[in-house]
Amino acid sequence: MSYETLENNFLILNVKHHGAELSSVIDKITGFEYIWQAGESWKRHAPVLFPIVGRLIDNKYSFKQNNYHLNQHGFARDMLYTLISKTTNKLTFNLKSNVDTLKNYPFSFSLEISYELIDNKLTVNYNIYNSGNNNLYFGIGAHPAFNTNFNNGNLNDYSLKFSVDELITQPLENGLRNEKRNRIQLNEKALKLDKNLFKNDAIILGNNQINDIELIHQSQNHSVKLTCTNWPYFGIWTKENSKDFICLEPWYGITDHHQHNQILEEKEGIIALESGHTFECAFCITFKTNN
């Protein structure tokens, strides 16, 4: 599968043309691979979520009294992108609506994704342009999976560091949200990771609770800090019974509530973009090695 590479004194980074998916970030000092390498427990690295985030009821939605089908997280993660620009430290990919996308997503769009590497920090930028004549309704999100198998270890060797004292979560049932709210009390703003945290699927956080989050190994050997200021939703997930990776996911959009009427324009978190306008958002990942 073809990919593009960026490299500097700190990191070597690969991005696939398929899905414009970040597939590798290797620390040049230690040789550690930060990105999950799509093993048996989950066969992706860092998919892009578009034009929806999460799941629709019965994988269906309604728009202008017509019914359409979209699988979980949308189709952009499974499409071939065009590389439109490459410099020594930046890659830019593009995906445009076409005959196939219009069958179940009746909107014209241009999705541009860039990866910019400066020292040990990667900035990921999403730029969505409405090339149609009417409002474009969409969600956009990231789903990067980070390795937790340093020195043959696992998830239990890591903690998440927050800038808040507690998390208010929205539980899932069969991938859909319900009315319940749970609280996770943090210990000095930290949460020790354990697979049991995810026995009922992802930890879903709304109301812009997460502007930054840091994944830290217990030995303090390395960490990954994700900064996503003003992103309204956030997901934390790993595959049930897996200890090999953790996904830290900033979202503009969220999975359906189980009582949603399935009308796209009324979906919580949906973005309505006027014709000829552009929506842009970005987040940063800082990779740290402490020798």
Side-chain angles (χ1 to χ4, degrees), residues 15-23 35-36 38 42-57 59-61 68-81 93-97 100-101 104-105 107 109-115 122-130 136-146 170 172 175-177 198 201-206 208-210 213 226-228 230-239 245-257 260 264 267-273 279-285:
V15 181
K16 293 181 179 180
H17 290 248
H18 182 86
E21 184 179 11
L22 178 67
S23 60
I35 301 299
W36 167 244
W42 192 56
K43 298 183 183 298
R44 298 182 187 268
H45 308 280
V48 176
L49 317 182
F50 178 88
I52 58 169
V53 174
R55 182 171 295 172
L56 303 173
I57 297 173
N59 294 325
K60 296 176 181 177
Y61 71 94
Y68 299 92
H69 179 278
L70 278 179
N71 289 330
Q72 184 178 19
H73 296 323
F75 51 73
R77 59 184 180 170
D78 294 317
M79 298 192 71
L80 187 64
Y81 287 65
F93 296 85
N94 182 260
L95 175 68
K96 287 184 170 64
S97 52
D100 290 330
T101 67
N104 276 300
Y105 185 63
F107 302 95
F109 68 87
S110 174
L111 170 59
E112 192 172 285
I113 302 174
S114 68
Y115 297 89
L122 173 65
T123 299
V124 183
N125 184 276
Y126 299 139
N127 186 302
I128 300 98
Y129 173 70
N130 182 355
L136 171 66
Y137 294 94
F138 69 93
I140 184 82
H143 202 310
F146 300 102
Q170 302 184 30
L172 297 176
L176 303 174
R177 292 177 297 122
F198 308 98
D201 209 330
I203 296 172
I204 305 296
L205 305 164
N208 190 217
Q209 290 182 66
I210 305 301
I213 181 172
L226 196 149
T227 304
C228 52
N230 294 326
W231 288 64
Y233 303 99
F234 200 93
I236 305 171
W237 176 80
T238 190
K239 191 79 170 179
F245 68 91
I246 186 73
C247 293
L248 306 179
E249 310 173 36
W251 298 336
Y252 272 90
I254 194 168
T255 195
D256 270 355
H257 188 277
H260 178 51
L264 184 64
K267 178 177 171 60
E268 181 181 340
I270 202 74
I271 298 168
L273 183 65
F279 176 88
E280 188 171 5
C281 56
F283 66 95
C284 299
I285 309 173

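Residue numbers count from 1 along this sequence.
- Counting heavy atoms from C-beta on, the side chains of Y115 and I285 never come closer than 4.5 Å.
- Two residues are said to be in side-chain contact when any heavy atoms from C-beta on lie closer than 4.5 Å; Y81 and N94 fail this criterion.
- Between F50 and F138, the ring planes lie tilted relative to each other; the angle falls in the 30° to 60° range.
- The closest side-chain heavy-atom distance from D78 to H18 is below 4.5 Å.
- Checked for salt-bridge contact, K60 and D256 miss the test: no charged N lies under 4.0 Å from a carboxylate O.
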| task | Carefully, step by step, assess L172 and T255 under the rule side chain to side chain contact (heavy atoms under 4.5 Å, CB included). | result | CA-CA 9 Å; L172 297 176; T255 195; 3.7 Å; yes
| Evaluation steps, salt bridge (charged side-chain N to carboxylate O under 4.0 Å, His left out), between D201 and R177 | CA-CA 11 Å; D201 209 330; R177 292 177 297 122; over 6 Å; no
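- Residue I52 comes nearest to G74 through the heavy atom pair CG1-N, 3.5 Å, listed as atom of the first residue, atom of the second, then distance.
- Under the 4.5 Å side-chain criterion, counting only non-hydrogen atoms from C-beta, K16 is in contact with H45.
- A 4.5 Å side-chain heavy-atom check between Y105 and L136 finds at least one atom pair inside the cut-off.
- Of all heavy-atom pairs spanning S23 and V15, the tightest one is OG-N, 4.3 Å.
- Note on ring orientation: taking the six-membered ring where Trp is involved, the planes of Y252 and W231 are tilted (angle from 30° to 60°).
- Within the 3.5 Å criterion, the main-chain N or O of F109 finds a donor-acceptor partner in the side chain of S97.
- Here the shortest heavy-atom pairing between A142 and L49 reads O-CD1, 4.1 Å.
- Contact check for V53 versus I140: no side-chain heavy atoms found under the 4.5 Å cut-off.
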| query | Does the side chain to side chain contact (heavy atoms under 4.5 Å, CB included) test come out yes or no for L95 and V48, once each step is laid out? | reply | CA-CA 12 Å; L95 175 68; V48 176; over 6 Å; no
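- Side-chain contact check for P144 versus W36: every heavy-atom pair is 4.5 Å or farther apart.
- Between E268 and Y233, the side chains place a donor N or O and an acceptor N or O closer than 3.5 Å (distance only, hydrogens not considered).
- The minimum heavy-atom distance between I57 and L176, with the atom names listed, is CG1-CD1, 3.9 Å.
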